[in-house]
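Worksheet: one structure, shown below.
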Protein chains: 4
Amino acid sequence: MASGDDRPLPERLLAVATRLFAESGYEGTSVQEIVAAAGVTKGAMYHYFAAKDDLLYEIYHRLLALQTERLRRFASGQGPAEERLRAAAVDVIETSLAHLDEVTVFFRSMHLLPAEKQKAVRAERRRYHECFRALVEEGQREGTFQAGVPADLAVNFFFGAVHQISTWWHPDGPLDATTVGDYYIGLFLDGLRTGSGVFEGR
Amino acid sequence: MASGDDRPLPERLLAVATRLFAESGYEGTSVQEIVAAAGVTKGAMYHYFAAKDDLLYEIYHRLLALQTERLRRFASGQGPAEERLRAAAVDVIETSLAHLDEVTVFFRSMHLLPAEKQKAVRAERRRYHECFRALVEEGQREGTFQAGVPADLAVNFFFGAVHQISTWWHPDGPLDATTVGDYYIGLFLDGLRTGSGVFEGR
Amino acid sequence: MASGDDRPLPERLLAVATRLFAESGYEGTSVQEIVAAAGVTKGAMYHYFAAKDDLLYEIYHRLLALQTERLRRFASGQGPAEERLRAAAVDVIETSLAHLDEVTVFFRSMHLLPAEKQKAVRAERRRYHECFRALVEEGQREGTFQAGVPADLAVNFFFGAVHQISTWWHPDGPLDATTVGDYYIGLFLDGLRTGSGVFEGR
Amino acid sequence: MASGDDRPLPERLLAVATRLFAESGYEGTSVQEIVAAAGVTKGAMYHYFAAKDDLLYEIYHRLLALQTERLRRFASGQGPAEERLRAAAVDVIETSLAHLDEVTVFFRSMHLLPAEKQKAVRAERRRYHECFRALVEEGQREGTFQAGVPADLAVNFFFGAVHQISTWWHPDGPLDATTVGDYYIGLFLDGLRTGSGVFEGR
DNA sequence: TATGAATGAGCATTCATTCAT
DNA sequence: TATGAATGAATGCTCATTCAT
């Protein structure tokens, strides 16, 4: 019962919920299981979170806020677009792999959020996406990236692959996070780069 | 009430369940809603499916069986590996987009299947994956594809992107299925092809 | 458990609920207590009633339907208005005292019904009220009843008294139902009759 | 937040509770809602009231104490019983209409009080009732009122009607409080007066 | 083949109340 | 006097599944 975790209760509940949602799914995890794992009672949880889906929202919202803030720093840096894009992509893969449960849980279960929360998170996500896309477009204007492929689609392609990583990768497996990140970024940037391919001249 | 659908009941139930699962999620759809939408009663459904999760299993199993059979035909064809891989990739994107609900539902909810069914579908999925990977490896041996990137990882990268398509693409949107497929295959093959990139010589 | 009651389950549930609501109040009676007293499980109850408040609605709706039908028969009969009104009033008191729990429960708890059900029952109640009021107005036109008192108000006065009977009267007490009914009707009609009082000439 | 209400907190809490109970019912109003509407926190309320039902008890207890004190003044006055009864009745209707929420709330929810509080309020109520009944009996002995009707029953009849007024009357409606009071008293006294009716000679 | 009444276990949520501060 | 975090028990309701017919 003594959890040996002295973080504030809201943080502890989010951490516990993230782990349990990743293990058994959002719908497969009861509020009772969450609070039991955190060593408190339901009332304590509802003191901080108005509903179970607030946990789900908050889990991804916090990660996305972190990633957005970091992305903005990379995007507004110096140097050619490709270098800034690469740095941003390395970073988003690193933080995504470091928060694999959060990513997994969210993309599996965001459809279970009530409409208005879904809208809110989609709006946050869209802002992130647009910042990333702007980097791709900058690279296309510079001539580093193929102009023939819609930047929007390329970004979706990349993040699709990233968000699904947990379906096959595990931190204790043979490939470490950095390695996977390098390969993913390589596959993405090589696919995009001028000289590589099929969309040139479009 | 008259559904105007004269397919056998099992097929009708699967079609209805796929639609409802895609709309409201697997856990958000009750058996009662499924049978009501199919115009029958619960007993009728339980006559054909032993449990609700049989529907989920069957939905993806049928699509995967179809895609596996087609993949085998492409894989065992003539010509250079890249051509066969491209044809297989075009095909899997086309069939995936044509059965977008099935793909969405399954990758969202496979974690809710009981252990043994999860194992079964993972085994089927692995067989599919390995056949696809073999094509990539053949291309690497032929020298068409970069040998530096693990074929397994490349295949996972590609299917990650494909399985997430429904998070942003819609059949009535500005890009039609063929266009999306072409871009995705382009991004994938360009990223993989010799001469494009970072993994050469590894 | 064997209830020894072979009425259909819906009727049995309503009977049990009426008794328990009268004893402990609507809010003080749990669905669990109702189904336990009826010897079934919650699922069985929810098979017939969509919500707990359906029980409350149905309890009064059924009594009111009965009383409305009887009132219409008395109202459309032959003879002077006073005689028809007296017969109707005798009848409504008799049926109200025979269903005292229903009356008590409803007038205590109707404010807990969801808005649309409250509206429905109010509309039913209004139809009943208007039929009764028409009898009073007829007596006023005939000159039997004082014209100075608004018929609406007189009817509300009378039913106020009737609906509160359960706060002081009990079937096993010294006064039997018929006696109480006679007195109430006497007090009401004497108060209304020409020659008795203060509203004449208004 | 600043309530603009400088009455002592207990009074403010009772006023707020009365309004909320009248709007949403006793069980439909949470302690949290009461304290929020009063601009304080739960601890403050529990400092003055030991339990939620103390609010309910106090709401009616205060009104009843007021009405009892006034009734005693009218009862112990000079003149014929009918005049004193009329004055008392006018007064009780006036104060009841002026505190309509209190009356409504109490007669809807008194059954939710714990046994001992219910007993206490019933005893207070009985004292009030007996004082009023004594006036009726005095009138019967004087020959002004029909002796054939039990005074107890007549008083219950009258207060039944009065306590239900809020089910149909509203201060902003076409009839003002004084008018309603006059009619109610007229209907009651005319029903009771010698020469009007059916109970004479009993 | 199909019905539909009934089960039983589970779920998210609410809430009056307490108590250390 | 007053706060607000936390409790613990209860509540209405849902739902996959069974089974006699």
Side-chain angles (χ1 to χ4, degrees), chain A residues 8-10 13 26-36 38-55 112 114, chain B residues 8-10 26-36 38-56 112 114, chain C residues 8-10 13 26-36 38-55 112, chain D residues 8-10 13 26-36 38-56 112 114:
Chain A
L9 187 47
L13 285 165
Y26 174 78
E27 320 93 312
T29 305
S30 70
V31 169
Q32 183 52 49
E33 284 165 344
I34 297 168
V35 296
V40 293
T41 58
K42 286 180 187 177
M45 192 206 98
Y46 280 99
H47 189 72
Y48 294 104
F49 298 94
K52 186 189 178 188
D53 53 51
D54 260 24
L55 292 169
L112 299 171
Chain B
L9 187 47
Y26 174 77
E27 297 283 277
T29 305
S30 70
V31 170
Q32 181 54 45
E33 286 166 341
I34 297 168
V35 296
V40 293
T41 57
K42 288 180 184 178
M45 192 208 96
Y46 278 98
H47 187 75
Y48 293 106
F49 298 93
K52 185 188 177 190
D53 53 50
D54 262 23
L55 291 169
L56 180 55
L112 299 171
Chain C
L9 187 48
L13 285 165
Y26 174 79
E27 319 93 312
T29 305
S30 71
V31 170
Q32 183 51 49
E33 285 165 343
I34 297 168
V35 297
V40 293
T41 57
K42 285 183 191 175
M45 192 206 96
Y46 281 98
H47 189 72
Y48 295 104
F49 298 94
K52 187 189 177 189
D53 54 50
D54 260 24
L55 292 170
L112 300 170
Chain D
L9 187 48
L13 284 165
Y26 175 77
E27 297 283 276
T29 306
S30 71
V31 169
Q32 181 53 46
E33 284 165 342
I34 296 168
V35 297
V40 294
T41 58
K42 288 181 184 179
M45 191 208 95
Y46 279 97
H47 187 74
Y48 294 105
F49 298 93
K52 186 188 178 191
D53 51 51
D54 262 23
L55 292 168
L56 179 55
L112 298 171

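Here the structure is a predicted model, which is why all the values come from computation and not from measurement.
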All N/O pairs under 3.5 Å across the protein-nucleotides 11-15 of chain F interface:
residue : atom : partner : partner atom : Å
dG12(F) : OP1  : K52(C)  : NZ           : 2.8
dG12(F) : OP2  : V31(C)  : N            : 3.0
dC13(F) : OP2  : Y46(C)  : OH           : 2.6
dC13(F) : OP2  : K52(C)  : N            : 2.8
dC13(F) : O5'  : Y46(C)  : OH           : 3.3
dC13(F) : N4   : K42(C)  : NZ           : 2.4

If you round to the nearest 0.5 Å, how far is CG of D54(B) from CE of M45(B)? 8.0 Å

For residues 40-53 of chain C, which residue pairs pass the salt bridge (Lys or Arg N to Asp or Glu O under 4.0 Å) check, not counting sequence neighbours? D53(C)-K117(C)

Side chain of V40(C), heavy atoms from C-beta onward: which of dT7(F), dT3(E), dT7(E) has the nearest atom to it? dT7(E)

Looking at OH of Y46(A) and CG of L13(A), how far apart are the two atoms once the value is rounded to the nearest 0.5 Å? 11.5 Å

Value in whole Å for how far the C1' atom of dA2(E) lies from CZ of F49(B): 15 Å

Do V35(D) and T41(D) come close enough that some side-chain heavy atom pair is under 4.5 Å? no

Between C1' on dA6(E) and CG on L13(C), what's the gap in Å once rounded to a whole number? 12 Å

Which heavy atom in P10(A) sits nearest to a heavy atom in Y48(A), and how many Å separate them? CG-CD2, 3.6 Å

Could you tell me whether the side chain of L55(A) reaches within less than 4.5 Å of the side chain of Y26(A), counting heavy atoms only? no

Find the runs of at least 3 consecutive base pairs, i with j, i+1 with j-1 and so on, that include DNA chain F, using Watson-Crick or G-U wobble geometry with both distances under 3.5 Å. E:2-21 with F:2-21

Assign each of T41(B) and L9(C) the nucleotide of DNA chain E bearing its closest heavy atom; nearer the 5' end lies the nucleotide of T41(B)

Using whole Å, what does the distance between atom P of nucleotide dG4(E) and atom NE2 of H47(C) come to? 9 Å

For atom C1', what is the distance between dT21(F) and dT1(E), given to the nearest Å? 13 Å

